[in-house]
2 protein chains.
Amino acid sequence: MPTPAPKPPSRADCTCGTRSAAAEPAVDRPGGTLLEDAADLFRVLGDTTRTRILWAIADEGRCVCDIADRLAMTPSAISHQLRILKQARIVRHRKVGRSVFYTLDDDHIRTLLRDAMEHAAEMAPPARPGGRRRIRT
Amino acid sequence: MPTPAPKPPSRADCTCGTRSAAAEPAVDRPGGTLLEDAADLFRVLGDTTRTRILWAIADEGRCVCDIADRLAMTPSAISHQLRILKQARIVRHRKVGRSVFYTLDDDHIRTLLRDAMEHAAEMAPPARPGGRRRIRT
DNA sequence: TGTAAATATGAATATATGCTCATATATTCA
DNA sequence: TGAATATATGAGCATATATTCATATTTACA
């Protein structure tokens, strides 16, 4: 959901003495867009089907029907998701005959996936006594 | 012949010779849930408001109204998002008088944010000649 | 104690999104 | 060339989700 209406509640609204004083030039430091780009990347990665696709092609390139088989989903559904991953430049593709092979674009993605799983693994024991816990957003 | 069966795409459907042979035990290796947990984490991070909140509290803890001021959004909207971040155990909170201070829970998040921005930064020049490009999912 | 401030939360709503279905395109091979 | 295969894509639908609004809760302070 793209950032909606920038409601302008004035700074003066908050009178709590605990508020940090220095009014920074902008909300986010590195130019704004960089942080938003990061959020976009996370959003693309934030879907189970897409992470499963990425995991499936993490070791070696695979064609669409191969991925579809492995995930037990229709090639159409996979293709739709691959389009999103392509647009985000997360995967690359090369055509071989009738097939199209997809691979990870670079190592950043592998690193992000690994780090996120690491975080999840460390989080798991204390946080999820009853197993997987779907976080509602 | 009426129509091809509903659609449980069996492995045999794909006859392309390019498909990888070895039928791996499962779609994803590390137990399945770990990969899904990673996707969940990404999903929570994949929202501009939430990344802006995280960035705002990356250096030091801030109260809700402070964050709201900085993002120029209502405390209610911020509070809703903080709840999601809390449930995902991405932020911690401590109460001080009427205010509630939020901080990042651990360094993993900082690392993920930094890596994602790094990826975005490297991606940027060739991929986005016209500036920020919203990726439709 | 009573009022105001800071935060939290439930309901409602507009929008976004993932999948299915139908169909188009591209490529191989008989 | 024509049939079959692999992939891509647009429309439609059911669901998810981010914000607003109203209201509840907690705490400080006069």
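Residue numbering restarts at 1 for every chain, and letters A, B, ... go by the order of the sequence lines.
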Legend entry - Spacing of A:Ile90 atom CD1 and A:Asp105 atom CG [to the nearest 0.5 Å]: 9.0 Å
Legend entry - Gap between atom CZ of A:Arg43 and atom CZ of A:Arg50 - 0.5 Å precision: 8.0 Å
Out of [options], which has the shortest distance to the side chain of [X]?
X: B:Ser76; options: D:dC21, C:dA8, C:dG18; result: D:dC21
X: B:Ile84; options: D:dT9, D:dA18, C:dC19; result: D:dA18
X: B:Val100; options: D:dT7, C:dC19, C:dA8; result: C:dA8
X: A:Ser99; options: D:dT7, C:dA8, C:dA4; result: D:dT7
X: B:Val64; options: C:dA8, D:dA18, C:dT20; result: C:dA8
X: B:Arg83; options: C:dT9, C:dG18, C:dA8; result: C:dT9
X: A:Ala77; options: C:dT20, D:dT26, C:dT9; result: C:dT20
X: A:Pro75; options: D:dT7, D:dT20, C:dC19; result: D:dT7
X: B:Arg98; options: C:dG18, D:dA18, C:dA5; result: C:dA5

Legend entry - Residue pair B:Arg70, B:Arg52: steps toward the side-chain contact (heavy atoms from CB on, under 4.5 Å) verdict: CA-CA 9 Å; B:Arg70 285 165 184 272; B:Arg52 291 173 74 208; over 6 Å; no
Euclidean distance, atom [atom1] of residue [X] to atom [atom2] of [N] [Å, nearest integer]:
X: B:His80; N: D:dA18; atom1: NE2; atom2: C1'; value: 9 Å
X: A:Ile78; N: C:dG18; atom1: CD1; atom2: P; value: 13 Å
X: A:Leu71; N: C:dC19; atom1: CG; atom2: P; value: 10 Å
X: B:Leu82; N: D:dT19; atom1: CG; atom2: P; value: 11 Å
X: A:Asp66; N: D:dA6; atom1: CG; atom2: C1'; value: 13 Å
X: B:Ile53; N: D:dA18; atom1: CD1; atom2: C1'; value: 11 Å
X: B:Leu85; N: D:dA18; atom1: CG; atom2: C1'; value: 13 Å
X: B:Phe101; N: D:dT26; atom1: CZ; atom2: P; value: 20 Å

Inset, instruction - Measure the acute angle between the ring planes of A:His108 and B:His119, then classify it against the limits of 30° and 60° as parallel, tilted or perpendicular. - result: perpendicular
Legend entry - Sugar-phosphate, base or nothing in reach of A:Thr49, heavy atoms under 4.0 Å: sugar-phosphate
Inset, instruction - Between A:Asp47 and B:Ser79, just flag the one whose closest nucleotide in DNA chain C comes earlier from the 5' side. - result: B:Ser79
Legend entry - 5′-ward residue of the pair A:Gln81/A:Gly97 relative to DNA chain C: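 That would be A:Gln81.
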Legend entry - Side-chain-base donor-acceptor pair under 3.5 Å for A:His93 and D:dT7: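 Result: no qualifying N/O pair found.
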Considering just the side-chain nitrogens and oxygens of [X], establish if one lies under 4.0 Å of OP1 or OP2 belonging to [N].
X: B:Lys95; N: C:dT7; result: no
X: B:Arg43; N: D:dT17; result: yes
X: A:Tyr102; N: D:dA6; result: no

Legend entry - Watson-Crick or G-U wobble mate for C:dT27, both contacts under 3.5 Å: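 Paired with C:dT27, as far as the under-3.5 Å criterion goes, is D:dA4.
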Inset, instruction - Return the nucleotide paired to D:dA28: Watson-Crick means purine N1 to pyrimidine N3 with N6-O4 or O6-N4, wobble means G-U with N1-O2 and O6-N3, both under 3.5 Å. - result: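 C:dT3 - that is the nucleotide pairing with D:dA28, both distances being under 3.5 Å.
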Legend entry - Whether A:Ser79 side chain and A:Pro75 backbone form a donor-acceptor pair below 3.5 Å: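 Judged by distance alone, no pair lies under 3.5 Å.
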Inset, instruction - Keeping the roles fixed (side chain from A:Arg62, backbone from A:Ala56), state whether a donor-acceptor pair exists under 3.5 Å. - result: yes
